[in-house]
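Let me begin by presenting the structure, written as structure tokens, before commenting on it.
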Amino acid sequence: MATYLLKTEPSDYCFADLQKAGTCRWDGVSNAAALIAMRSMRKGDEVLVYHTGDEKAVVGLAKVTSDPFEDPEQPGKTAKGEPKFAVVTLAPVAAAKSRVTLAAIKADPRFKEFPLVTQGRLSVMAVGKTLDRLLRKMAGLPG
DNA sequence: GCCAACGTTGGC
DNA sequence: GCCAACGTTGGC
């Protein structure tokens with residue numbers, strides 16, 4: 001089971017909205033690198049939710065409740081037959097007991113190659129096992 | 001197919 | 001509000 005990190009602008013769609021709704025379809029991803037990560041997700045994977053804007057912190061954990069599928073609003077396949085604009089559905093797992101800020105992540109040398117730091121504009125990325133464990137520990141999230 | 005111009009994102 | 005980074009678009 002893999003873990004990913006998803007960025008969102010909290011004024012647009014925040015972790016609290018997901019907790020309130022109980023489920024959501026994570027769409028709107030159009031960046032090529034981010035879509036590759038979306039397509040590699042599988043049902044049962046987990047995602048750390050990161051808020052950009054004023055918060056700039058990991059705020060919660062959610063579960064991927066579907067395999068990637070075509071965005072009904074933008075259907076289409078890639079040359080490989082994968083969904084062009086891949087989306088998944090999510091369900092909330094837990095809010096972070098302690099939000100892990102971007103500043104804290106940047107201050108820790110173990111994150112120096114983490115895409116959140118090195119590729120500021122990437123909105124969906126896989127999180128390796130080591131950093132996943134570390135982030136969950138820092139956030140007070142279940143492992 | 002290359003490259004310049006432009007737009008968008010996100011941190012400061 | 002500004003600026004840097006980077007992706008995308010459009011002309012050639």
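If you're wondering where the values come from, they're calculated on a predicted model, not measured in any experiment. In the text below, chain A, chain B and the rest are named by the order of the sequence lines, each starting its count at 1.
At the phosphate of dG11(B), OP1 or OP2 sits under 4.0 Å from a side-chain N or O atom of Tyr50(A). OP1 or OP2 of dC12(B) lies within a sub-4.0 Å distance of a side-chain N or O belonging to Lys106(A).
The CG atom of Asp12(A) sits 13 Å away from the C1' atom of dT9(B) (whole-angstrom rounding). One atom, CD of Glu9(A), and another, C1' of dT9(B), lie 10 Å apart when rounded to the nearest Å. At whole-Å resolution of the value, NZ in Lys7(A) and P in dT8(B) are 17 Å apart. Atom pair Leu6(A):CG and dG10(B):C1' shows a separation of 17 Å (rounding to whole Å applied). In this structure, NZ of Lys56(A) is placed 6 Å from P of dG11(B), rounded to the nearest angstrom. For the pair Leu122(A) CG and dA4(C) P, the interatomic distance rounds to 22 Å; values are reported in whole Å. The nearest whole Å value for the distance from the CG atom in Asn31(A) to the P atom in dC6(C) is 12 Å. Counting to the nearest Å, the C1' atom of dT9(B) and the NE2 atom of His51(A) are 17 Å from each other.
Counting heavy atoms of neighbouring residues, nucleotides and ligands inside a 6.0 Å radius, atom NZ of Lys43(A) does not exceed 12 of them.
Here the side chain of Arg110(A) pairs no donor or acceptor atom with the backbone of Leu131(A) at under 3.5 angstrom.
Side-chain atoms of Arg136(A) and Thr3(A) form a donor-acceptor pair, as typed in the model, at a separation below 3.5 Å.
Taking the side chain as every heavy atom from C-beta outward, Leu5(A) and Phe114(A) approach each other to under 4.5 Å.
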